[in-house]
There are 2 protein chains.
Amino acid sequence: MTMQDKLLQFRQYLNRAGLKATRQRELIARAFFATTTHVSAEGLYRRVGGRHPRIGLVTVYRTLKLLKDAGLAHERQFGDGRALFEHASSERHHDHIICTECGKITEFASVEIEALQEQVVRRLGFHIQYHKLELYGLCRDCSAAGRGPGTHAIGVG
Amino acid sequence: MTMQDKLLQFRQYLNRAGLKATRQRELIARAFFATTTHVSAEGLYRRVGGRHPRIGLVTVYRTLKLLKDAGLAHERQFGDGRALFEHASSERHHDHIICTECGKITEFASVEIEALQEQVVRRLGFHIQYHKLELYGLCRDCSAAGRGPGTHAIGVG
DNA sequence: TTGGGTGCAAACCCTTTGCACGGTG
DNA sequence: CACCGTGCAAAGGGTTTGCACCCAA
């Protein structure tokens with residue numbers, strides 16, 4: 001799905017919902033679709049604001065909510081208090097692995113893990129609706145650079 | 001590990017760290033160890049404050065931090081903006097399944113899932129330090145009661 | 001006695017909301 | 001032209017910090 005497709009879908013959503021396609025919404029959506037990784041509202045605000053100072057952080061929040069409603073963005077909570085947003089249209093469900101050294105976020109998916117989850121909790125009488133799996137560790141680069149606890153700890157407590 | 005053991009461990013921690021065993025810390029620790037499930041700072045504050053009105057929420061936060069430092073409490077973020085605390089001393093690593101209807105939190109553990117996680121991300125060059133797995137769905141009771149989306153939706157969009 | 005501990009209020013961070021002005025359909 | 005959208009500032013919720021008084025060791 002190209003940037004143009006996504007923008008079109010966003011405009012169509014606004015139209016259908018009786019909302020207006022404003023200059024700000026267009027610029028914020030473009031900046032969002034241009035990101036390759038997870039962005040915070042603040043981060044997106046800085047990207048847009050660098051070129052268009054008249055756009056407020058509040059509008060970024062409001063537009064991100066619209067993008068979610070349009071099904072074009074997912075909001076993720078990684079427990080550090082702020083929300084990160086990622087594109088939703090093109091990708092299937094996936095989980096995340098976060099490097100504790102450099103903060104890089106990598107996506108992965110495993111049907112095996114998900115099947116096992118379902119199996120494990122069925123015994124408890126639960127029926128899964130959705131899940132959130134976050135792995136934390138050292139990425140290849142940070143391992144190679146010898147950063148982090150991996151270097152001196154044989155068994156990490 | 002009994003309540004008394006835990007209290008003793010807490011006092012020993014304070015002692016070793018050159019900190020003081022105050023009336024407030026004792027009361028808050030007792031209230032925390034008396035919980036059976038996950039509590040928020042606010043929730044613990046209400047439990048203590050019901051009987052001892054002179055204890056401030058701030059002191060609850062500070063004592064929870066001490067309990068974490070002492071290795072007696074774990075802090076969990078379930079993405080709703082506030083932290084929940086659980087006992088740490090007695091239990092091994094586990095994950096959580098949260099009922100989306102009644103909010104009940106159940107713990108579970110699976111070495112199979114964890115082995116699979118390790119295997120999956122090794123291909124990506126990652127080395128896992130820790131992880132966080134949250135399953136969301138309907139618990140047995142809520143399923144039985146016919147609550148939730150399961151009742152009318154065949155395929156949930 | 002002395003340094004850490006407490007409680008209150010205020011600050012803090014992220015996010016949302018109230019309101020008067022501005023711009024889209 | 002009627003609303004919806006915007007920006008600012010202010011409020012909001014959860015958590016932390018500054019400060020004067022208090023108390024455990």
Side-chain angles (χ1 to χ4, degrees), chain A residues 7 10-32 38-49 51-70 73-85, chain B residues 7 10-32 38-70 73-85 103:
Chain A
L7 284 171
F10 186 44
R11 288 189 210 112
Q12 286 174 346
Y13 166 79
L14 292 174
N15 203 345
R16 265 186 254 113
L19 305 174
K20 295 176 180 173
T22 64
R23 187 180 60 91
Q24 290 92 330
R25 286 177 179 170
E26 181 85 11
L27 290 168
I28 293 167
R30 275 180 189 278
F32 175 68
H38 301 69
V39 246
S40 62
E42 177 73 30
L44 193 55
Y45 170 63
R46 272 187 270 107
R47 277 165 183 261
V48 180
R51 306 173 196 177
H52 308 275
R54 311 294 343 256
I55 293 187
L57 175 58
V58 181
T59 302
V60 173
Y61 274 106
R62 289 193 273 228
T63 303
L64 279 169
K65 178 168 280 178
L66 291 176
L67 286 164
K68 280 197 298 180
D69 294 345
H74 278 323
E75 179 175 351
R76 305 271 183 184
Q77 293 288 345
F78 290 110
D80 64 339
R82 80 215 158 119
L84 293 185
F85 298 84
Chain B
L7 284 169
F10 186 43
R11 289 189 210 110
Q12 286 174 346
Y13 166 80
L14 292 173
N15 203 344
R16 266 186 254 113
L19 304 174
K20 295 175 180 173
T22 64
R23 186 180 60 91
Q24 290 92 331
R25 286 176 180 169
E26 181 84 11
L27 289 169
I28 293 166
R30 273 181 191 279
F32 175 67
H38 300 70
V39 244
S40 63
E42 178 72 31
L44 192 55
Y45 171 63
R46 272 187 270 107
R47 277 165 184 262
V48 180
R51 306 171 196 180
H52 308 274
R54 312 293 344 254
I55 293 186
L57 175 58
V58 181
T59 302
V60 174
Y61 273 107
R62 289 193 273 228
T63 303
L64 279 169
K65 178 169 281 180
L66 291 176
L67 287 165
K68 280 196 300 178
D69 294 346
H74 278 322
E75 180 176 351
R76 306 271 183 184
Q77 294 288 344
F78 291 110
D80 64 339
R82 77 214 163 121
L84 294 185
F85 297 85

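These numbers were taken from a predicted model, which means no experiment stands behind them. Letters A, B, ... are given to chains in the order of the sequence lines, protein chains preceding strands, and every chain is numbered from 1.
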Distance check: side-chain N/O of [X] vs OP1/OP2 of [N], anything under 4.0 Å?
{"X": "A:Arg25", "N": "D:dT6", "value": "yes"}
{"X": "A:Tyr61", "N": "C:dT16", "value": "no"}
{"X": "B:Thr59", "N": "C:dG7", "value": "yes"}
{"X": "B:Gln24", "N": "D:dC22", "value": "no"}

Could you check how far CG of B:Leu64 sits from C1' of D:dG14, rounded to whole Å?
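That distance rounds to 13 Å.
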
Quick one, B:Phe78 and B:Leu84 - any side-chain contact, counting heavy atoms below 4.5 Å?
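Yes. Closest side-chain heavy atoms under 4.5 Å.
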
With DNA chain D as reference, determine whether A:Val60 or A:Gly18 sits nearer its 5' end, using the nearest nucleotide of each.
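On the 5' side of the pair lies A:Gly18.
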
Starting at the 5' end of DNA chain D and moving along, which residue's nearest nucleotide shows up first, B:Gly81 or B:Val58?
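Nearest nucleotide further toward 5': that of B:Gly81.
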
A:Glu75 and A:Lys65 ion-paired at < 4.0 Å
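No.
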
Is the count of non-hydrogen atoms from other residues, nucleotides or ligands lying under 6.0 Å from A:Arg76 atom CZ greater than 12?
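Correct, the count exceeds 12.
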
How many angstroms lie between CG in A:Leu14 and OG1 in A:Thr63, if you round to the nearest 0.5 Å?
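A:Leu14 atom CG to A:Thr63 atom OG1 measures 8.5 Å (nearest 0.5 Å).
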
Select base, sugar-phosphate, or nothing to describe what B:Arg62 touches, counting heavy atoms under 4.0 Å on all strands.
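Answer is base: heavy atoms of B:Arg62 come under 4.0 Å of a base.
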
